[in-house]
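What follows is one structure encoded as structure tokens, with my remarks underneath.
Numbering of residues begins at 1 and proceeds along the displayed sequence. The figures that follow rest on heavy atoms only: side chains count, while hydrogens, waters and symmetry mates do not. Atoms within a ligand are numbered from 1 in the order they appear, just like the ligands themselves.
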Amino acid sequence: MSTPKKRILSGIQPSGSLTIGNYLGALKQWVARQEVYDCFYCIVDLHAITVPQDPTELREKTREVAAIFIAAGLDPQKAAIFVQSHVTAHAELGWILTCLAPLGWLYRMTQFKDKSAKQAQEESIGAGLLNYPTLMAADILLYQSSAVPVGDDQRQHLEYTRDLAQRFNHLYGDTFTIPEAMIPEIGARIMGLDTPLAKMSKSEASEAHAVFMLDAPEVIRKKMMRAVTDSGRDILFSDDPEKAGVNNLLTIYQAFSGKTREAVEADFANARGYGDLKKAVAEITVESLRPMQEEYHKLIHEPGYLDGILRDGAAQARAVADKTLATVKHNIGFLAS
Ligand code: TYM
């Protein structure tokens, strides 16, 4: 008898346009994993509303992200693709775990510190922003996921999830699988083109900051040519903060090309300067995104097809999530309905 496939779950917020950071750090590996694992991939709209969202835009972005998932190679026959709010167990387990979540753990989260610092007044910071990692823990634990494919910035949230799961298991008996973070070797932390010491983010206002998966070729070329570098000439991988811009461009090139570091450096051994590097990074980005963009532009005109995939995905997700939630409710002492 064959052993059942291990389960993985991951999610992306529909809070803006997806960047090449989201693709290289998360989506690309989601596609690769769907052959081997039992996969659940969700569009986390409940997380998106931890900061203010325009309702019309949120609805549009949710469909846009679904279309990008499929255009990037996720196959609804192999992976359940769904919207978080369509599976009510997420919010329910989120509440139950909230009652177990120590405030001290939540205040320590870097993402909360960063995001709350951006919202000037305490009154305008929603409690959801603080509790964000608890809902993320609910997403993961509902599916008894053994691994969670994410970029490097989610490492701390994964640690929090493990701690919370262990706390629950300790108090109420073995209920949850303790998940591992699954972080790619290359592309786990793509930096901003204009701020190579800070992570590329979909919500950064500056035009020169991020390349979006749906950017037109000429826009990508323009952004890459404007990328911040340094006054040197060496085109080599480096941990030196001074060289962070060049290192980031080389990492993008490596992640898209699938080459080794040595092969990437060899490609630029005869370059005449950073201009050549930027052109090459722009071209490989344009060419890698081209087939996905073509597919996206077809899919986005078929909202009925996309909604059908999300409906089927939610049904598959519910079958697993509701079972875990029932066990949780029993273990904590809720009377059966
Ligand atoms: P989000 O929407 O910010 O990002 C989605 C995924 O993209 C990765 N990522 C990056 N990887 C490399 N370089 C970058 N510059 C970069 N920017 C983003 C993120 O690491 C992430 O994997 N909290 C999550 C969403 C979430 C989730 C979950 C993830 C909610 N529930 C359960 C996993 C499991 C987030 O904000 O992702």
request  = Scan side-chain atoms only and decide if Ser206 and Asp194 contain a donor-acceptor pair under the 3.5 Å cut-off.
outcome  = yes
query = So which bit of Thr19 gets within less than 4.0 Å of ligand 1, heavy atoms only: side chain, backbone, both or neither?
reply = neither
query = Considering only protein heavy atoms, which is closest to atom 17 (N) of ligand 1, and at what distance to one decimal place?
reply = Met200 O, 3.6 Å
request  = Scan Tyr23, Trp30, Tyr41 and name whichever one has a ring pair (Phe, Tyr, Trp, His ring centres under 6.0 Å) with Phe69.
outcome  = Trp30
ask   = Numbering the atoms of ligand 1 from 1, which are under 4.0 Å from a heavy atom of Gly151?
value = 11 (N), 19 (C), 20 (O), 22 (O)
query = Would the number of heavy atoms belonging to other residues, nucleotides or ligands and lying under 6.0 Å from NE2 of His330 be above 12?
reply = no
request  = May I ask which of Gly21, Pro133, Ala255, Ala198 has a heavy atom nearer to atom 11 (N) of ligand 1 than the others do?
outcome  = Gly21
message = At less than 4.0 angstrom from any non-hydrogen atom of Gly187, what atoms of ligand 1 do you find?
response = 12 (C)
Cationic N near anionic O, under 4.0 Å, Glu283 to Arg221 = yes
message = Return the closest protein heavy atom for atom 23 (N) of ligand 1 as residue, atom name and distance.
response = Tyr132 OH, 2.7 Å
inquiry  = Does this structure show an ion pair linking Asp276 with Arg272, if we count only N-O contacts that are shorter than 4.0 Å?
reply    = yes
inquiry  = So, regarding Met136 and ligand 1 (criterion: nitrogen or oxygen to nitrogen or oxygen, under 3.5 Å), is there a contact or not?
reply    = no
key: Sub-4.0 Å heavy-atom contact, Leu24 with ligand 1   = no
query = Which ligand 1 atoms does Leu9 reach within 4.0 Å, using its non-hydrogen atoms?
reply = 32 (C), 34 (C)
message = Can you report which non-hydrogen protein atom sits closest to atom 2 (O) of ligand 1, along with the distance?
response = Lys202 NZ, 2.7 Å
note = Residue, atom and distance of the protein heavy atom nearest atom 6 (C) of ligand 1 read Ala26 CB, 3.6 Å
ask   = Any side-chain donor paired with an acceptor under 3.5 Å for Gln84 and Asp139?
value = yes
request  = Give a yes or no on whether a salt bridge exists between Lys329 and Glu92, defined as a side-chain N under 4.0 angstrom from a carboxylate O.
outcome  = yes
inquiry  = Membership question, hydrophobic clusters at under 4.5 Å side-chain separation (ILVMFWY): are Leu250 and Ile220 in the same one?
reply    = yes
inquiry  = Closer than 4.0 Å to some heavy atom of Lys199 - which atoms of ligand 1 meet that?
reply    = 14 (C), 15 (N)
task = Please say whether Asn22 places an N or O atom under 3.5 Å from an N or O atom belonging to ligand 1.
result = yes
message = Please compare Ile252, Thr161, Asp139 and report which has the shortest non-hydrogen distance to atom 31 (N) of ligand 1.
response = Asp139
Closest heavy-atom pair and its distance - Gln156, Thr110 = OE1-OG1, 2.5 Å
inquiry  = What's the separation between atom CG in Leu27 and atom CD1 in Ile68, rounded to the nearest 0.5 Å?
reply    = 8.0 Å
task = Return yes or no for this condition: an N or O of His157 is under 3.5 Å from an N or O of ligand 1.
result = no
task = Measure centre to centre between the rings of His90 and Tyr143, then say whether the value is under 6.0 Å.
result = yes
key: Asp152, any N or O under 3.5 Å of ligand 1 N or O   = no
Residue portion contacting ligand 1 (non-hydrogen atoms closer than 4.0 Å) for Val148 = side chain
ask   = Atoms of ligand 1 less than 4.0 Å from Ile12 heavy atoms?
value = 2 (O), 5 (C)
ask   = Which of the atoms of ligand 1 are close to His47, meaning less than 4.0 Å from one of its heavy atoms?
value = 30 (C), 31 (N)
message = As an exercise, state the distance from CD1 of Ile70 to CG of Leu299, rounded to the nearest 0.5 Å.
response = 6.0 Å
inquiry  = Is there a polar contact between ligand 1 and Ile190, counting only N or O atoms under 3.5 Å apart?
reply    = yes
Presence of salt bridge, Asp307 and Arg63, under 4.0 angstrom = yes
task = Kindly identify the option in Ala181, Gly11, Ser203 whose heavy atom sits closest to atom 26 (C) of ligand 1.
result = Gly11
inquiry  = Considering non-hydrogen atoms of the protein only, which is the closest contact for atom 37 (O) of ligand 1, and what is the distance?
reply    = Gln154 NE2, 4.0 Å
request  = Check the surroundings of atom NZ in Lys5: do more than 12 heavy atoms from other residues, nucleotides or ligands lie under 6.0 Å from it?
outcome  = yes
inquiry  = Suppose I only count heavy atoms of Ala188 and a 4.0 Å limit; which atoms of ligand 1 are within that range?
reply    = 11 (N), 12 (C), 13 (N)
query = Do Phe176 and Leu97 come within less than 4.5 Å of each other through their side chains, counting heavy atoms only?
reply = yes
ask   = At what distance is the nearest protein heavy atom to atom 19 (C) of ligand 1, and which residue and atom is it?
value = Asp153 OD1, 3.3 Å
task = Would you mind listing which atoms of ligand 1 come within a distance below 4.0 Å of any non-hydrogen atom of Gly25?
result = 11 (N), 12 (C)
